[in-house]
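The residues of the chain are indexed from 1 along the displayed sequence.
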Amino acid sequence: MKRAVALLCAAALASSGGAAEKKRPNVVILLADDWGYSDIGSFGSEIRTPNIDALAKAGVRFSDFHVAGSCSPTRAMLQTGIGNHRAGLGNMPETIPPEHVGKPGYDTVLNDRVVTMASLFRYSGYRTYLTGKWHLGKTADKLPTARGYDHAFSLADAGADNFEQRPIEGLYDTADWTEDGRPATLPKNYYSSRFVVDRMIDYIEGGRASGKPFFASVNFLANHIPVQAPDAYIARYRAAYDGGWTAIRTARRDRAAALGVIPVGTPMVTMASTQDWNALPAEKRAAYARAMAAYGGMAEAADEQVGRLIAHLKATGDYDNTIFVFLSDNGAEPTDPMATLLGRLNSWAHYDMTPAEQGRRGSFTSIGPGWASAAASPLRGYKFSAGEGGLRVPLIVAWPGNPALKAGRIAGRFAYVTDIAPTLLALADIPGHGGDYRGRPVEPMTGASLLPMLTGAADTVHPDTQPIGYELSGNAAIFRGDYKLVKNLPPTGTGEWHLYDIVRDPGETRDLAAAMPGLFRTMQADYAAYAARDRVLPMPAGYTAEQQITTNGFNNSVRPKLLRALPWVLALVLLPFGWGAWRRRRKAAPRRP
């Protein structure tokens with residue numbers, strides 16, 4: 001039955017319109033970095049995102065769409081349609097504990113047992129391009145041009161400066177940008193969101209003479225730390241956040257409900273990490289508000305570049321026959337580098353941390369857990385956690401010239417990031433693979449095509465009895481129909497399992513474990529089977545992703561610098577003693593007659 005519905009949907013899409021519409025569609029993926037569930041206007045935000053909202057009006061919004069709690073595991077699943085452990089991203093290089101390095105599924109790069117959809121598109125006659133963040137491997141055989149992309153200007157790291165060719169200090173030694181596998185230099189007038197669109201337009205136009213359709217992956221650095229935006233964009237939000245994160249969280253919840261994205265009256269929890277805004281000193285409130293103004297400005301600047309790309313495709317006649325996919329790679333980032341002594345020392349040593357400079361060139365700005373919770377409104381948790389605030393993000397799919405996609409519709413049932421690849425392949429009428437790619441055995445895709453949800457033929461593509469497992473850094477979940485079994489390690493949880501109905505209670509406020517003991521036990525067994533199949537490892541005692549980032553950053557970047565500097569430091573320290581000893585020996589030596 002499921003196969004029949006999918007075939008009917010594909011036939012409807014193919015037959016809609018005349019001959020011009022039957023031409024193979026272009027594909028544009030717009031991947032935002034660390035945007036929370038309600039960070040765009042069509043999901044309840046006060047941030048101005050008119051261009052992304054226009055795609056929502058022309059396409060379908062998915063209000064129950066899930067990714068991983070961190071960036072590269074999501075990117076691996078997006079690229080391949082396969083779970084993060086099977087794709088090699090059981091953990092990231094920045095957050096993996098040493099005990100897991102080299103274990104099966106913990107490659108920390110996209111492994112060779114999976115095939116990217118870029119490879120499938122290219123093999124089927126598409127031009128394939130990628131710009132911006134990659135974060136799936138640094139060596140030549142792991143960069144985008146070795147994984148299906150004709151051309152790519154990409155960043156191999158988790159993030160970098162947005163105004164200059166500079167790494168995140170204390171985490172990396174250099175900003176690892178490459179073009180087509182070779183070290184690359186950024187232009188002098190570089191700003192990340194503008195540049196990734198500039199370069200993508202160059203690639204699209206450079207290959208136009210081939211007559212082939214294009215598959216384009218635009219990967220923004222916005223809004224990853226450091227949060228930075230041009231001054232004019234920050235100024236637009238100068239007074240927007242003076243009322244604090246609790247007020248914004250409530251306002252976003254109410255707007256999202258009015259838009260039909262969440263149920264009216266959705267309850268919310270207050271995260272333990274959310275401070276009482278009104279109890280903070282005035283100078284701290286002002287600094288926090290300035291940081292969030294930079295965040296809003298950074299998101300609006302990215303949206304403006306989305307609009308510039310869309311305007312270009314309209315001018316070239318490509319817009320109507322282009323499939324657009326907008327999503328975030330995980331929830332908003334709660335980490336505050338200024339919360340620890342080492343973080344403060346590193347920030348002060350390398351950046352201008354004065355409050356007036358927040359978000360500007362040379363600064364190192366983050367929004368912290370209070371604003372991250374607001375960005376995830378009305379959900380519990382944020383990036384790194386397995387709470388809905390870490391895993392549930394906005395998804396928009398639009399094909400403006402194809403009326404078979406129900407424009408303006410909200411799809412309200414569960415969808416997963418592994419569903420994107422099979423969906424795009426189906427829309428482009430490209431065969432997938434069942435575990436064999438051009439005679440080579442590979443991991444089979446596990447995602448399901450979302451075509452029935454896009455056309456309105458079905459409310460869901462995942463049967464209510466199908467368990468879908470997830471784990472990253474010890475935070476874990478199993479999804480089954482409308483229900484979610486979840487556990488989070490400290491600091492966002494206690495390591496205990498909880499059961500929620502995430503359709504009626506997306507804020508995860510009512511634990512149903514005691515009320516539904518049969519389902520609770522069934523889903524625990526589902527998770528155990530998933531963890532065994534994907535070889536999920538238990539985390540070392542006391543592990544947190546945030547602390548591991550600091551430790552790995554120190555070991556990989558700071559410690560080597562200290563070791564290189566040690567001989568010079570010792571020389572400077574010992575020189576006075578050596579000089580003093582030489583003088584004492586000289587004075588004690590008998591004088592010659």
Task: Within the 6.0 Å centroid threshold, strictly below: Trp35 and Phe326 - done: yes
TODO: May I ask you to test the Arg413-Met453 pair for a side-chain heavy-atom distance under 4.5 Å?
DONE: yes
Open item on the list: Taking Ile52's backbone N and O only, do any of them form a donor-acceptor pair with Thr49's side chain (distance below 3.5 Å, no angle check)?
Closed with: no
Task: Distance-only polar pair, side chains of Glu471 and Tyr530, donor-acceptor under 3.5 Å - done: no
- [ ] Could you name each residue pair satisfying salt bridge (Lys or Arg N to Asp or Glu O under 4.0 Å) that touches residues 306-328, not counting sequence neighbours?
- [x] Asp198-Arg308, Arg208-Asp318
Open item on the list: Could you check whether any side-chain heavy atom of Trp134 comes within less than 4.5 Å of a side-chain heavy atom of Arg75, counting everything from C-beta outward?
Closed with: no
TODO: Verify, without hydrogens or angle tests, whether Thr266 (side chain) and Ile262 (backbone) share a donor-acceptor contact under 3.5 angstrom.
DONE: no
Task: Arg249 side chain to Ser377 side chain, donor-acceptor N/O pair below 3.5 angstrom - done: no
Task: Val325 vs Leu30 side-chain heavy atoms within contact, under 4.5 Å - done: no
- [ ] Can you tell me which residue pairs pass the salt bridge (Lys or Arg N to Asp or Glu O under 4.0 Å) test with a partner in residues 402-411, sequence neighbours excluded?
- [x] Arg409-Asp459
Task: Close side-chain approach of Ile396 to Ser42, heavy-atom, < 4.5 Å - done: yes
Task: Centroid-centroid distance, Tyr129 to Tyr149, less than 6.0 Å - done: no
Task: Cationic tip of Arg122 above Tyr126 ring, under 6.0 Å, 45° of axis - done: no
Open item on the list: Let me confirm one number: the OG1-CE distance from Thr80 to Met445, rounded to the nearest 0.5 Å.
Closed with: 7.0 Å
Task: Side chain Asn111, main chain Val109, donor-acceptor under 3.5 Å - done: no
TODO: Decide ring pair (Phe, Tyr, Trp, His ring centres under 6.0 Å) for Tyr416 and Phe65; before the verdict, give the C-alpha distance in whole Å, the side-chain angles of both, and the deciding distance to 0.1 Å.
DONE: CA-CA 6 Å; Tyr416 198 41; Phe65 174 71; 7.8 Å; no
- [ ] Please identify each residue that fulfils side chain to side chain contact (heavy atoms under 4.5 Å, CB included) with Pro50, with sequence neighbours left out.
- [x] Arg48, Asp303
Output side-chain donor-acceptor pairs under 3.5 Å for residues 183-197, partner residues at least two apart or in another chain, one line each.
from   : atom 1 : to     : atom 2 : distance (Å)
Tyr191 : OH     : Gln228 : O      : 2.8
Ser192 : OG     : Asn162 : OD1    : 2.6
Arg194 : NH2    : Asn189 : O      : 2.2

Task: Any pair counted as side-chain hydrogen bond (donor to acceptor under 3.5 Å, both in side chains), so long as it reaches residues 56-73, sequence neighbours left out - done: Asp64-Arg392, His66-Glu388
Task: Arg147 side chain vs Ser119 backbone, donor-acceptor pair below 3.5 Å - done: no
Open item on the list: I'd like to know if the side chain of Asn84 reaches the main chain of Leu89, judged simply by a donor and an acceptor atom lying under 3.5 Å from each other, with no hydrogens or angles considered.
Closed with: yes
- [ ] Sorted by first residue and then second, give each side-chain hydrogen bond (donor to acceptor under 3.5 Å, both in side chains) pair with at least one member in residues 418-438; sequence neighbours left out.
- [x] Asp419-His462
